[in-house]
Amino acid sequence: MLLTACRLSKALQLTLAVVKPDAVANPVILEALHQSILDNNFAIVRLKDLAWRRQDSERFYAEHSGRFFYQRLVEFMSSGPMRAYILAREDAIRHWRELMGPTKVFRARYTSPASLRARFGLTDTRNTTHGSDSVQSAQREMAFFFPDFQVEEWMQREEPAFRLGRICYDSGKHVHVLAKQR
Ligand code: UDP
Ligand code: MG
């Protein structure tokens with residue numbers, strides 16, 4: 001009883017998830033990824049289809065500048081349309097990274113064959129999805145993709161209803177919204 005109360009009172013966490021250009025280019029894979037998000041109990045708080053210029057890509061991945069894969073990565077990430085999500089779930093950051101699987105696709109296929117990168121990834125660079133790796137990076141990355149989204153405001157106004165499941169899926173907009181009060 002007490003345990004249940006504690007579980008219910010733990011606030012949801014937000015994370016930034018991105019479907020990279022390799023996956024958006026294939027509508028069947030894009031749809032399968034979207035369905036995996038829903039099947040794995042993430043609530044979709046925001047969704048945005050967009051494309052990056054090279055400078056966006058360089059800025060987002062500045063922490064990797066100098067690494068051997070940096071040029072390849074920034075070129076790839078500005079090579080075509082992407083889809084960004086803000087996802088909510090208890091421990092969303094960890095759960096989304098688990099669902100994606102290891103960074104390197106061949107390792108993912110070996111160690112986590114059911115993961116998204118194992119199932120859909122093409123190469124170590126074209127690895128289907130991105131996910132924030134900490135609370136700090138989630139904050140920075142959500143602001144990068146969704147500059148109008150106010151985390152604090154969402155936490156105060158919407159998180160409790162999302163946590164209690166008082167939401168429904170808007171199949172036109174492909175996001176979860178608060179259930180209408182009767
Ligand atoms: N990447 C790559 N080669 C590598 C490592 C990373 O091309 O050896 C790319 C890959 O697209 C990866 C991104 O760089 O997703 C960012 O790397 P990071 O180490 O942050 O991995 P992630 O957090 O995406 O798992
Ligand atoms: Mg990373």
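Every number for a ligand or one of its atoms is a count from 1 in the order of the listing. Predicted model only: the values in this text are computed from it and were never measured.
Each of the following atoms of ligand 1 lies closer than 4.0 Å to a heavy atom of K104: 4 (C), 8 (O). Short contacts between ligand 1 and R97, defined as distances under 4.0 Å to a heavy atom of the residue, involve ligand atoms 22 (P), 23 (O), 25 (O). Heavy-atom contacts of K20 reach the following atoms of ligand 1: 10 (C), 11 (O), 12 (C), 15 (O) (cutoff under 4.0 Å).
Between the side chains of T128 and R117, no donor N or O sits under 3.5 Å from an acceptor N or O. At a cut-off of 3.5 Å, with distance as the only test, no side-chain donor of H95 or Q13 sits close to an acceptor on the other residue.
Under the 30°/60° scheme for interplanar angles, the aromatic rings of W52 and Y61 are found to stand perpendicular.
Electrostatic pairing of D124 and R107 does not count as a salt bridge here, judged by no charged N lying under 4.0 Å from a carboxylate O.
Ligand 1 is approached by D124 to a heavy-atom distance shorter than 4.0 Å. Within the 4.0 Å heavy-atom shell around ligand 1 one finds F68.
Atom 17 (O) of ligand 1 has its closest protein heavy atom at H64 NE2, 3.4 Å. Atom 7 (O) of ligand 1 has as its closest protein heavy atom T125 OG1, 2.6 Å. Distance from atom 5 (C) of ligand 1 to its nearest protein heavy atom, with residue and atom name: F69 CE2, 3.5 Å. Scanning the protein for heavy atoms near atom 21 (O) of ligand 1, the closest one is T103 OG1, 3.3 Å.
Remark: ligand 1 and H130 share no N or O pair separated by less than 3.5 Å (distance only, no angle test). Below 3.5 Å of separation, one finds an N or O of N127 facing an N or O of ligand 1. Backbone and side-chain nitrogen or oxygen atoms of R117 are examined, and one is located within less than 3.5 angstrom of a nitrogen or oxygen of ligand 1.
Using a distance-only test at 3.5 Å, with no hydrogens or angles considered, a donor-acceptor pair links the side chain of S134 to the main chain of S137. Formation of a donor-acceptor pair under 3.5 Å by the D91 side chain with backbone atoms of R94 is not found in this model.
Residue L73 holds the heavy atom nearest to atom 13 (C) of ligand 1 of all those in T129, V74, L73.
Remark: R46 is not positioned above the aromatic ring of F146, lacking an NZ or CZ atom under 6.0 angstrom from the ring centre and at most 45 degrees off the axis.
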Steps toward ring-ring contact (aromatic ring centres under 6.0 Å, His included) verdict (H176, F162)
CA-CA 9 Å; H176 287 93; F162 271 71; 7.0 Å; no
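Ring centroid separation for the pair F145 and F60 comes in under the 6.0 Å cut-off.
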